[in-house]
K.L.:
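One structure, pasted below without further comment.
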Amino acid sequence: MRVYSSFKDIVKLVDKTDSIGLVPTMGSLHDGHLSIIKKALIKDDMVIVSIYVNPKQFNDPVDLKKYPRNLEDDLDKLKIFNKIIVYAPNDRDVYNGKEEVKRYNFGKITEIMEGRLRPGHFDGVATIVEKLLYMFKPNNAYFGEKDFQQLLLIKELARKIKLDVNIIGCETIRERDGLAMSSRNKFLNKSERKSASQIIKLLERAKKTYNTSSPKSIKSDILKHANSIDNLKIEYFEIIDVSEFFKDKKEIRAFIACKIGNTRLIDNIRI
Ligand code: PAF
């Protein structure tokens, strides 16, 4: 593993014949990230893992401040991969002192769920991802399906800016009890952690009843059940036909966002 804080130093290492894989992260790495890196290492000769907490995608300054950061721990976890290059920049290396967030128009994908509740969030995500794609010009870029709406938006971004890159979705990695791995899980206390294990149960309940109930009645059943879970406050539950956004992607997904105590968690599954 080689670690760099300057983009220019990495670009010098890129051999034109290599297939390059990019794994963008905000650090606080867990097994979900490690499984994405393993997938990239199978496909690509050179894998660049970026670790950067992008301030532009936080619509809440308190959330940005408390977002977990520990580069030393992250590098320790990445030591098992001797072939990767880590890009761990500061704000100046990424934004070069120009702090503009780009304004995009991705239509409905960014108007529902996370887009509705976190104004500006997806513009911030697209700004940093576009930058990283232009910087490293990867053949493949990898993103977790836990942030499925983000994955759709990034696919649309790559199509719009006509970059020759495959955007590859990677399956959500879960704890033994089904909780989706997330950097935010470490904020949960014992009783909140127990409540968080119910999130996947709500999604699975929706999946079970999908063929026999209407989306409306599934939604009201899920909201009712969610209400009975300690510490859990639901922000949205939605069943979405993904082909509305990508015609060739025929799948239905159930999405959930909730607060467990002060910690906001999201998850989704294919139905
Ligand atoms: O999913 C994330 O961790 C971030 O949104 C990303 C894609 C690294 C952009 O900052």
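Start at 1 and go down the list; that is how both ligands and their atoms are numbered.
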K.L.:
Which residues pass the side chain to side chain donor-acceptor pair (under 3.5 Å) test with K233, sequence neighbours left out?
P.N.:
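If we apply the side chain to side chain donor-acceptor pair (under 3.5 Å) test to K233, skipping adjacent residues, there are no hits.
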K.L.:
Determine, considering heavy atoms only, which of K131, Q150, H121, H33 sits nearest to atom 5 (O) of ligand 1.
P.N.:
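It is Q150 that holds the nearest heavy atom.
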K.L.:
Would you say the side-chain atoms of E171 pair up with the backbone N or O of E145, donor to acceptor, closer than 3.5 Å?
P.N.:
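Not at all, since once roles are kept as given, no pair shorter than 3.5 Å links the two residues.
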K.L.:
Quick check for you: to the nearest 0.5 Å, what is the distance between Y142 atom OH and S35 atom OG?
P.N.:
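Between atom OH of Y142 and atom OG of S35 there are 12.0 Å.
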K.L.:
Are any of the N or O atoms of Q57 closer than 3.5 Å to those of ligand 1?
P.N.:
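Yes; at least one N/O pair falls below 3.5 Å.
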K.L.:
Please could you name the atoms of ligand 1 that P24 approaches to less than 4.0 Å, counting only its heavy atoms?
P.N.:
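It comes down to these atoms of ligand 1: 8 (C).
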K.L.:
F136 vs Y87 aromatic rings, parallel, tilted or perpendicular, using cut-offs 30° and 60°?
P.N.:
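The rings of F136 and Y87 stand perpendicular, inter-plane angle above 60°.
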K.L.:
Please classify the I154 to ligand 1 contact at 4.0 Å (heavy-atom distances, strictly less than): side chain, backbone, both or neither.
P.N.:
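The answer is neither; I154 stays 4.0 Å or more away.
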K.L.:
Checking side-chain contact (heavy atoms from CB on, under 4.5 Å) between I128 and each of K56, Q57, K102, which is the one that passes?
P.N.:
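Of all the options given, the one that passes is Q57.
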K.L.:
Below 4.0 angstrom from a heavy atom of I128, which ligand 1 atoms are there? Numbered from 1 as shown, please.
P.N.:
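It comes down to these atoms of ligand 1: 9 (C), 10 (O).
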K.L.:
Can you pull out the closest protein heavy atom to atom 3 (O) of ligand 1? Residue, atom name and distance to 0.1 Å, please.
P.N.:
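Result: M26 CG, 3.6 Å.
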